[in-house]
Amino acid sequence: VRGRCSGCTVGKDSEWKLKEQKEKLGFVCPILECAGRSGVDYCMRDCEKFPCEAFYQAGFPYSGRFLDVMKSMLKSPS
């Protein structure tokens, strides 16, 4: 949202964004917080645990149905 939110950032560079979220929104994005803690930039590409419970519990940015499809696809042999 222009002027109110600067958008998401990569996980490895999340410290400033988490601070901004806490100040402006009163909470932080659990997905970004986890990515920063785990040292990954983009969960879908970089995290072996994707999709994890953090995504299911947050309910964003992906739906549970999408996460189920991704989980199934990632488990099946290529």
Side-chain angles (χ1 to χ4, degrees):
V1 178
R2 192 173 297 167
R4 294 185 185 202
C5 181
S6 58
C8 288
T9 186
V10 294
K12 290 180 185 174
D13 187 32
S14 64
E15 189 173 326
W16 71 270
K17 181 62 179 181
L18 293 168
K19 182 180 178 201
E20 179 182 83
Q21 287 178 346
K22 186 70 172 175
E23 290 171 359
K24 289 185 177 183
L25 306 173
F27 65 94
V28 297
C29 171
I31 305 303
L32 184 58
E33 185 176 43
C34 181
R37 192 174 50 247
S38 301
V40 299
D41 279 337
Y42 185 59
C43 297
M44 191 181 292
R45 180 190 69 203
D46 302 328
C47 187
E48 293 176 8
K49 298 176 188 173
F50 180 84
C52 69
E53 277 306 305
F55 279 95
Y56 283 99
Q57 290 176 2
F60 66 88
Y62 307 114
S63 71
R65 174 81 173 113
F66 175 81
L67 296 171
D68 289 344
V69 168
M70 292 303 296
K71 187 183 285 187
S72 176
M73 187 173 75
L74 292 170
K75 283 184 179 180
S76 66
S78 313

Do K19 and E15 come within less than 4.5 Å of each other through their side chains, counting heavy atoms only? no
Connecting only ILVMFWY residues whose side-chain heavy atoms lie within less than 4.5 Å of each other, what is the rest of L25's hydrophobic cluster? F27
Please list all pairs passing the side chain to side chain donor-acceptor pair (under 3.5 Å) test where one or both residues lie in residues 43-54, with sequence neighbours left out. none
Answer yes if F50 and I31 sit in the same cluster of Ile, Leu, Val, Met, Phe, Trp and Tyr residues linked by side chain heavy atoms under 4.5 Å apart, and no otherwise. yes
Are W16 and T9 packed together at the side-chain level, in the sense that at least one heavy-atom pair is separated by less than 4.5 angstrom? yes
Sub-4.5 Å side-chain heavy-atom contact between F55 and P61: yes
If you measure from CD on E23 to CD on E20, what distance do you get to the nearest 0.5 Å? 8.0 Å
Which side-chain N or O atoms in residues 62-73 pair as donor and acceptor under 3.5 Å with protein atoms at least two apart or in another chain?
residue	atom	partner	partner atom	Å
Y62	OH	Y42	OH	3.3
S63	OG	F66	N	3.1
D68	OD1	Y56	OH	2.6

Connected hydrophobic set around L32, excluding itself, where side chains approach under 4.5 Å: L18, V28
Tightest non-hydrogen contact, residues C43 and A35, listed as SG-CB, 4.0 Å
Could you work out, with side chain to side chain donor-acceptor pair (under 3.5 Å) as the rule, every residue matching D41, not counting sequence neighbours? none
Rounded distance (nearest 0.5 Å) linking atom NZ of K24 with atom NZ of K17: 7.0 Å
